[in-house]
Q: 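One structure is given below, represented as structure tokens, and several questions about it will come after.
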Amino acid sequence: VQLQASGGGLVQTGGSLRISCAASGFTFNRYYMAWFRQAPGKERELVARIKGNFDGTYYAESAKGRFTISRDNEKAEVYLQMDSLTPEDTAVYYCAASESPRGLAPAQYSFWGRGTQVTVSS
């Protein structure tokens, strides 16, 4: 199993960034896919999650109205479009996969990528 995140980088406040995650080694469309993030000194937190068949998404309050999660089951990829970024969004962003319909906590995720750094300058 592999989850390879990419697309992170440095962006100014108010800017946008799209990060991607390419999956392999499991039946992608059967899994909920999520983006978590972890800032220095803070716990890993769920940012957004999407069901295998597209018809359900979840966003943390901090992400609502600014971030959009999407997926391409043919390519086995998941994306996070991030708009109106602020320095508080600075973190390492991880993609993760879960079979659990109650997967809001990191422990409920079976597979993890290495993460991609997103830095928002003020």
Side-chain angles (χ1 to χ4, degrees):
V1 171
Q2 280 197 327
L3 292 173
Q4 182 64 52
S6 62
L10 175 65
V11 64
Q12 292 185 333
T13 295
S16 298
L17 205 59
R18 186 190 193 222
I19 55 178
S20 304
C21 177
S24 62
F26 62 100
T27 307
F28 182 76
N29 61 6
R30 292 177 56 183
Y31 280 72
Y32 293 78
M33 296 300 298
W35 287 98
F36 285 79
R37 68 186 183 186
Q38 189 165 19
K42 295 188 177 181
E43 293 187 354
R44 191 168 297 190
E45 62 175 356
L46 177 64
V47 176
R49 158 183 160 101
I50 185 168
K51 290 179 67 175
N53 58 358
F54 309 104
D55 68 345
T57 55
Y58 169 89
Y59 292 94
E61 284 298 320
S62 60
K64 286 181 180 178
R66 300 188 302 127
F67 293 3
T68 303
I69 188 170
S70 61
R71 65 190 294 160
D72 184 330
N73 283 350
E74 288 192 8
K75 294 183 178 179
E77 294 183 351
V78 61
Y79 313 100
L80 186 68
Q81 175 67 42
M82 302 181 289
D83 299 319
S84 302
L85 286 161
T86 73
E88 288 68 37
D89 296 313
T90 295
V92 177
Y93 284 71
Y94 299 89
C95 61
S98 172
E99 291 183 287
S100 172
R102 293 178 296 277
L104 300 184
Q108 293 165 316
Y109 285 77
S110 304
F111 309 134
W112 289 87
R114 283 190 175 183
T116 186
Q117 176 71 46
V118 172
T119 303
V120 185
S121 63
S122 57

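None of these values were measured; they are calculated from a predicted model.
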Q: Would you say I50 and L46 are hydrophobically clustered, going by side-chain heavy atoms of ILVMFWY under 4.5 Å?
A: no

Q: Could you check whether any side-chain N or O of S98 sits under 3.5 Å from a backbone N or O of Q108, counting only pairs where one atom can act as donor and the other as acceptor?
A: yes

Q: Please examine the side chains of V120 and P87, heavy atoms only from C-beta on, and report whether any two atoms are closer than 4.5 Å.
A: yes

Q: How would you list, by chain and number, every residue that makes a side chain to side chain contact (heavy atoms under 4.5 Å, CB included) with K42, sequence neighbours excluded?
A: A39

Q: A side-chain contact here means heavy atoms from C-beta on lying under 4.5 Å apart; do T116 and V92 qualify?
A: no

Q: Would you name the heavy atoms of C95 and V78 that are closest together and state the gap between them?
A: CB-CG1, 4.4 Å

Q: Start with the C-alpha distance between Y59 and V47, add both sets of side-chain angles, then the distance that settles side-chain contact (heavy atoms from CB on, under 4.5 Å), and finish with yes or no.
A: CA-CA 6 Å; Y59 292 94; V47 176; 6.0 Å; no

Q: Taking all non-hydrogen atoms of both residues, which atom of A105 and which atom of Y109 are closest, and how far apart?
A: O-CD1, 3.3 Å

Q: Going through the distances and angles, do R71 and E77 end up as a salt bridge (Lys or Arg N to Asp or Glu O under 4.0 Å)?
A: CA-CA 6 Å; R71 65 190 294 160; E77 294 183 351; over 6 Å; no

Q: CE/M82 to OG1/T86 distance, rounded to the nearest 0.5 angstrom?
A: 11.0 Å

Q: Using 0.5 Å steps for rounding, measure from the OG1 atom of T57 to the CZ atom of R49.
A: 10.5 Å

Q: Please determine, by modelled atom types, if R37 and Y93 share a side-chain donor-acceptor pair under 3.5 angstrom.
A: yes

Q: Is it true that T90 and E88 share a donor-acceptor pair across their side chains at a distance under 3.5 Å?
A: no

Q: At their closest point, which heavy atom of L3 faces which heavy atom of A97, and how far apart are they?
A: CD1-N, 4.1 Å

Q: Hey, is CD on Q2 packed in by over 12 heavy atoms from elsewhere, all under 6.0 Å?
A: no

Q: Can you check whether P106 reaches W112 side chain to side chain, under 4.5 Å on heavy atoms?
A: yes

Q: If you look only at distance, which donor and acceptor atoms sit under 3.5 Å apart when one is on a side chain in residues 8-36 and the other is two or more places apart or in another chain?
A:
{"from": "T13", "atom 1": "OG1", "to": "S121", "atom 2": "O", "distance (Å)": "2.7"}
{"from": "S16", "atom 1": "OG", "to": "D83", "atom 2": "OD1", "distance (Å)": "2.7"}
{"from": "W35", "atom 1": "NE1", "to": "Y79", "atom 2": "O", "distance (Å)": "3.4"}

Q: Does a side-chain heavy-atom distance below 4.5 Å link Y58 with L104?
A: yes

Q: Taking atom CD of Q4 as the centre, does the number of heavy atoms from other residues, nucleotides or ligands within less than 6.0 Å exceed 12?
A: no

Q: Does A76 offer a backbone N or O that forms a donor-acceptor pair with the side chain of N73 under 3.5 Å?
A: no

